[in-house]
Amino acid sequence: MGDSNRRPLPSPQPLSALAARFTDGHTGGPAEREVGARWDRLRAALENPTARPSRRRAGLFFGVGVGGGVLALAAALLVWLRWQGPPVTYALAGAALGGDGYISGVATMPAALTFSEGTKVDLAPGSRAVVV
């Protein structure tokens with residue numbers, strides 16, 4: 001359908017030939033040779049896209065990944081420890097609290113259970129509750 005209007009991408013060879021004619025064999029200084037070496041590596045990578053990076057580079061990527069993971073874990077642990085906050089406590093009014101967290105004595109009178117973080121639970125007469 002719309003594929004007939006597409007043109008194929010130009011090959012890098014004409015560009016390389018034009019660059020070689022332009023430089024006319026001039027090698028230049030160290031900086032220009034470094035640029036030339038980078039172009040050579042780019043050309044080699046484009047000609048062989050399945051080539052794997054060197055072991056040194058792969059090791060560097062692995063090291064950076066592991067180091068980043070360790071830093072992220074340390075930052076998460078620090079945030080968790082810093083913002084964990086105090087433990088939640090509670091107070092009971094109008095009933096007795098058993099040793100196992102069972103609230104007794106609500107059979108005839110209402111009771112109120114208030115937690116330190118602001119939650120309030122009203123217990124109606126006859127209700128049963130356990131604080132864990």
Side-chain angles (χ1 to χ4, degrees):
M1 297 197 169
D3 293 334
S4 62
N5 293 336
R6 286 190 175 180
R7 287 197 250 164
L9 294 174
S11 167
Q13 281 77 22
L15 180 61
S16 298
L18 180 63
R21 275 193 317 212
F22 180 73
T23 59
D24 201 20
H26 176 68
T27 59
E32 290 178 359
R33 282 194 292 273
E34 175 62 27
V35 169
R38 288 182 183 181
W39 277 111
D40 290 340
R41 287 194 300 270
L42 176 62
R43 186 178 306 114
L46 290 174
E47 289 171 357
N48 189 5
T50 59
R52 296 176 60 190
S54 67
R55 286 186 180 266
R56 181 175 170 220
R57 186 170 292 165
L60 177 68
F61 288 147
F62 179 76
V64 168
V66 168
V70 168
L71 283 176
L73 185 62
L77 181 64
L78 181 68
V79 167
W80 181 74
L81 289 174
R82 180 143 176 110
W83 282 285
Q84 188 175 6
V88 177
T89 58
Y90 59 92
L92 179 63
L97 181 64
D100 55 355
Y102 182 76
I103 299 173
S104 59
V106 189
T108 57
M109 295 178 35
L113 184 62
T114 307
F115 293 91
S116 62
E117 41 85 16
T119 303
K120 183 176 180 187
V121 178
D122 291 325
L123 301 171
S127 63
R128 295 184 291 176
V130 176
V131 177
V132 181

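Sequential numbering from 1 along the given sequence is applied to the chain's residues. What's counted below: heavy atoms across the whole structure, side chains too, no hydrogens, waters or symmetry copies.
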In the single-linkage hydrophobic clustering (I, L, V, M, F, W, Y; side-chain heavy atoms under 4.5 Å), do [X] and [Y] co-cluster?
{"X": "V88", "Y": "V132", "answer": "no"}
{"X": "V70", "Y": "V79", "answer": "no"}
{"X": "L77", "Y": "L71", "answer": "no"}

(request) Check side-chain contact (heavy atoms from CB on, under 4.5 Å) between L113 and all other residues, then give those that pass, not counting sequence neighbours. (result)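 Partners of L113 by the side-chain contact (heavy atoms from CB on, under 4.5 Å) criterion, ordered by chain and then number, come out as Y90, L92, I103, F115, V121, V131.
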(request) Compare all side-chain heavy atoms of T108 with those of P125 and state whether any distance is below 4.5 angstrom. (result)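 No, too far: nothing below the 4.5 Å cut-off.
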(message) Please check if the number of heavy atoms outside R41 that lie under 6.0 Å from its CZ is greater than 12.
(response)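 For R41, atom CZ is crowded (more than 12 foreign heavy atoms under 6.0 Å).
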(request) Please name the pair of heavy atoms, one in S104 and one in A95, separated by the smallest distance, quoted to 0.1 Å. (result)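 Scanning both residues completely, I find the closest heavy atoms to be O-CB, 3.4 Å.
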(message) For S127 versus L123, what's the shortest heavy-atom pair and its separation?
(response)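 Minimum heavy-atom separation between S127 and L123: OG-CB, 3.6 Å.
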(message) Let's go through R43 and D40 carefully: what are the C-alpha distance in whole Å and the side-chain angles of both, what is the deciding distance for side chain to side chain contact (heavy atoms under 4.5 Å, CB included) to 0.1 Å, and is it a yes or a no?
(response) CA-CA 5 Å; R43 186 178 306 114; D40 290 340; 3.0 Å; yes
(request) Nearest 0.5 Å please: distance from the CG atom of D122 over to the OG1 atom of T114. (result)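 It is 8.0 Å, given to the nearest 0.5 Å.
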